[in-house]
Amino acid sequence: MTELTKLTLAKARAGLANGNFTSTELTNAFLTAIEAGNGDLNAYVTVTGDAALARAKESDDRIAKGDDVRPLEGLPLGIKDLFSTEGVHTQACSHVLDGFKPRYESTVTANLRDAGAIMLGKLNMDEFAMGSSNETSYYGPVVNPWQRTNDNGDLSNDKLVPGGSSGGSSASVAADLCLAATASDTGGSIRQPAALTGTVGLKPTYGRCSRYGMVAFASSLDQAGPITKTVEDAGLMLAQMASHDLKDSTSVDVPVPDYTKVLGQGIKGLRIGVPKEYRIDGMADETEKLWQQGIDWLKDAGATIHEISLPHTKYALPAYYIVAPAEASSNLARYDGVRYGLRVPGEDLIETYEKSRAAGFGREVKKRVLVGTFVLSAGFYDAYYTKAQKVRTLIKQDFDKAWENVDLVLTPTTPSPAFAQGEKSGDPIAMYLEDIFTVTVNMAGLPGISVPGGLSAEGTPLGLQLIAKPFDEETLLRGGEVIEKAAGRFTPAARWWQS
Amino acid sequence: MAAATDNLIAGATGDWEIVIGLEVHAQVNSKAKLFSGASTEFGGAPNSHVSLVDAAMPGMLPVINRECVAQAVRTGLGLNAQINLRSTFDRKNYFYPDLPQGYQISQLYHPIVGEGEIEIDVDGDAKSIGIERLHLEQDAGKSIHDMHPDYSYVDLNRSGVALMEIVSKPDMRSAKEAQAYVTKVRTILRYLDTCDGDMEKGNMRADVNVSVRKPGDELGTRCEIKNVNSIRFIGQAIEIEARRQIDIIEDGGKIDQETRLYDPRAGETRSMRSKEEAHDYRYFPDPDLLPLEFDQAYVDDLKTGLPELPDEKRARFMADMGLSVYDASVLVVDKDNADYFEAVAAGRDGKMSANWVINELFGRLNKEGLEVEQSPVSAAQLGELIDLISSDTISGKIAKDVFEIVWSEGGAPAAIVEERGLKQVTDTGAIEAAVDEVVAANPDQVKKAIDNPKLAGWFVGQVMKATGGKANPQAVQAIVKAKLGL
């Protein structure tokens, strides 16, 4: 049955439709794989096996009867712990939400459920989505299924990070512990982990997916999206995740197209922008090479290449680290030990707040809450927050200008491949630089995709990022598919976690 | 506008002027809360009107209630204020258990309503008071501290209910003016049906900013008295606070800008927190909400649907019904009162109707502590009574007796008059007989009256008494004069 878990979402869907196997068999295959592999990878923080099998049986009945078969009927998925799932562990991997099980369902997971998909369990993540290595989770780090190759050609036992914050999502997809996973992206949290695990990560336009029921990190930047094995799968997932939702005022009322229709269309005649400001100091040679390779692939597919300028790029990361913590400091105020989650009683109310929050939040979260509180405080607001918002407007304008001449923008997803656990956790600047190519996309509210482009000298995956105009995910998928075809798919050399 | 001299208060070093600005918090009349579908109904069991949004569950998002927006626009129009077609919501951050989100959603930077003005009337002098702004914001829940020795309880029923904060300019110069302003705002809101103005339930309350200065000087340092919940207390708090500030300054001290509380029982204001202790609310635009935008057509549409407002109504009462400023002003203060009056006055003499409504009905209602909706005498009954006077069927005096009967026993005034034989006696023969009797019985008084014609009134009184008040007073007067040869 292990072969079943290797299927892409599209292939599994076809297999179910053709009666090659049942959803119950498929679901059982994944539950077995999780059972065997999760101890090593720590991708799932909770597994909902019984509920998944019950849902699988329901799907099998529908498929057998042949009526009411829904778009993702019987397909097992992993769900990031950030999405509220009714009656199931929803803690954004924070201690402060200990024991919290909502009595409501996020719109994204409700959409997937209504499309017939099956939830296998909840996926590990950086606490409140704050991190780029999945090392800040209260439930411990996730391990990347990929391993480095030593100089002598052997696989290293060094544990690599799967990226973050959606590290459970990227690792579980790369390790075949689910067909696809939901993820969320505030500064790169879908694309960076996808790049580090050889998977596809699609961050949709801000407003494309409803934020209702997603534990908020930075409301103006957060956006749900899928991590999948292929570009086609990303389109299949997004078509079901996306919706206009009256329960989220920032969700946008634009039709959700059938993304599979654009596949195979190619990119002939499309104009590809290559921003000169992304050639940063200290970019690894192999990243530089990969980027050029990407340019060549797109050119070969009939696109034209144009150097463009996004002059305010260098201000994006500092501005992001003002806006995101500012919003987070306010969004996380509700975790006060009063109504749900962890409560550490104190002598009085203030002490209860202090003790609960001190015990409940991890170091990275505390740091960002403090930064956010500082930049919003009287006397500093204009110097930091107002200025950062101005930078944000300028970044948007940079892209608006670029779209006059190009249809897509191509960049590397990250400056370097997966690093080892602990390697950057003591160096916040190095860690924050992981997002340098991805944050601009969040700041401008644009859609972006990371597609595997090749392997590093160490044999670990590298990703290429495409950025498109607002709500033009279709062009994004067309470009992504071209890279995917040229580069091929990448899977870890050894399935060491299965043993 | 220059302050009237009688607004000044005397101190040891000369006269002082009080400067007052008010922030009125008015609960919006709406079925659901500002950003959630939970009910706003008063008096539910604790925490029975709480949505997932109100309880700030993880991942819950606010969605604006369009009806609250319409109510704010109506109110802005009623305050003759600028309506902002684009406004934004901001978060005001602070920790408190009755504020589950850890922030209140308000409008600091771009409120829905801008500058406006309303006219107040104090002792017959009209004065215009500027409105600085009106913004929408969420109410907080309620902490209850006296239910358990070790714990406080929290009721979130009010959490998220829409409030309008109406901020005046510092245009008031006396407690009376401040009271007139709050009364006027309350009247306008009640006419518009955008707030019930019920201060007892806390549906309307005011923060009062008070400073003092020597006339002509720069503005003094102000203190803000929080959450004053009756018009009477607003007046008291201002007087007491102004006196406190004058005493400090005259003793060589300085006023600290601070937030204070008025304690009506102790008759003093007390410091809550100083400027240094003030919260840093870390306001920033709420990223969960898009800017609130609508077009002028939307505003115009709401404007068309507005009811007649008190100032217009007063002008109409004066122009069309010949009422005095005073009577018209009294009648329009409360819309229910005005409606009652209009029902009574329909097809009748306006002045006479106003006299009866204001003097008899309101007088009696006040005495009993009743509102006009609770009046035992309906507008139709009072109108019928007035008709009986107009047709000379009964005298004004008898009418008052009939009013009493209707008040306590009910019934149609005409039938009561008929059944109890209260019809006015206009038969001059009967009146003459009664006058003769009184004259005959009081020869001394007759002599005195011939010397002093003013005493004729005494005879009129005696005759009225003898006829049980039913005699037509004009007829009695004429006959008395004739009989006495005056």
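In the text below, chain A, chain B and the rest are named by the order of the sequence lines, each starting its count at 1.
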Please rank B:Phe95, B:Tyr151, B:Tyr103 by heavy-atom pairs under 4.5 Å with chain A and give me the top one.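 So the answer, after comparing B:Phe95, B:Tyr151, B:Tyr103, is B:Phe95.
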Report the option among B:Gly102, B:Ala56, B:Ser152 that has the most heavy-atom pairs separated by less than 4.5 Å from atoms of chain A. B:Ala56
Is it the side chain or the backbone of [X] that comes within 4.5 Å of chain B heavy atoms, both, or neither?
X        : answer
A:Tyr335 : side chain
A:Asp222 : neither
A:Tyr206 : side chain
A:Ala218 : neither
A:Ser330 : both
A:Thr90  : neither
A:Arg211 : both
A:Tyr353 : side chain

Heavy-atom pair with the smallest gap, counting every atom of A:Arg334 and B:Gly59: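 Residues A:Arg334 and B:Gly59, closest heavy atoms: NH1-N, 4.5 Å.
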Taking the side chain as everything from C-beta on, heavy atoms only, tell me whether [X] gets closer than 4.5 Å to [Y].
X        : Y        : result
B:Val53  : A:Lys247 : no
A:Thr250 : B:Asp288 : no
A:Phe128 : B:Pro58  : no

For [X], does the [atom1] atom have more than 12 heavy-atom neighbours from other residues, nucleotides or ligands under 6.0 Å away?
X        : atom1 : result
B:Lys142 : NZ    : no
B:Lys169 : NZ    : yes
B:Gln296 : CD    : yes
A:Lys101 : NZ    : no
B:Arg222 : CZ    : no
B:Phe294 : CZ    : yes

Looking only at atom types and distance, does a side-chain atom of A:Ser249 sit under 3.5 Å from a main-chain N or O of B:Pro62, one as donor and one as acceptor? yes
Taking B:Asp280 for the side chain and A:Ser377 for the main chain, is one N or O donor matched with an acceptor at less than 3.5 Å? no
Which residues in residues 25-39 of chain B have a heavy atom less than 4.5 Å from any heavy atom of chain A?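 If one takes a 4.5 Å heavy-atom cut-off, no residue of residues 25-39 of chain B lies near chain A.
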Applying a criterion of heavy atom separation less than 4.5 Å, what residues of residues 255-263 of chain B form contacts with chain A?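 Listed by number, there are no contacting residues, so the answer is none.
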Rounded to the nearest 0.5 Å, how far apart are CG of A:Leu246 and CG of B:Leu61? 12.5 Å
Nearest-0.5 Å distance, CZ of residue B:Phe284 to OG of residue A:Ser220: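 It comes to 8.5 Å.
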Would you mind telling me which of A:Leu97, A:Asp248, A:Val338 has the largest number of heavy-atom pairs within less than 4.5 Å of chain B?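 Between A:Leu97, A:Asp248, A:Val338, the count favours A:Asp248.
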Winner by heavy-atom pair count (cut-off under 4.5 Å) against chain B, out of A:Phe380, A:Tyr385, A:Tyr104: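 Between A:Phe380, A:Tyr385, A:Tyr104, the count favours A:Tyr104.
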Heavy-atom distance under 4.5 Å to chain A: side chain of B:Tyr281, backbone, both or neither?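 It is neither, since no heavy atom gets under 4.5 Å.
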Do you see a donor-acceptor pair shorter than 3.5 Å between the side chains of A:Tyr381 and B:Arg282? no
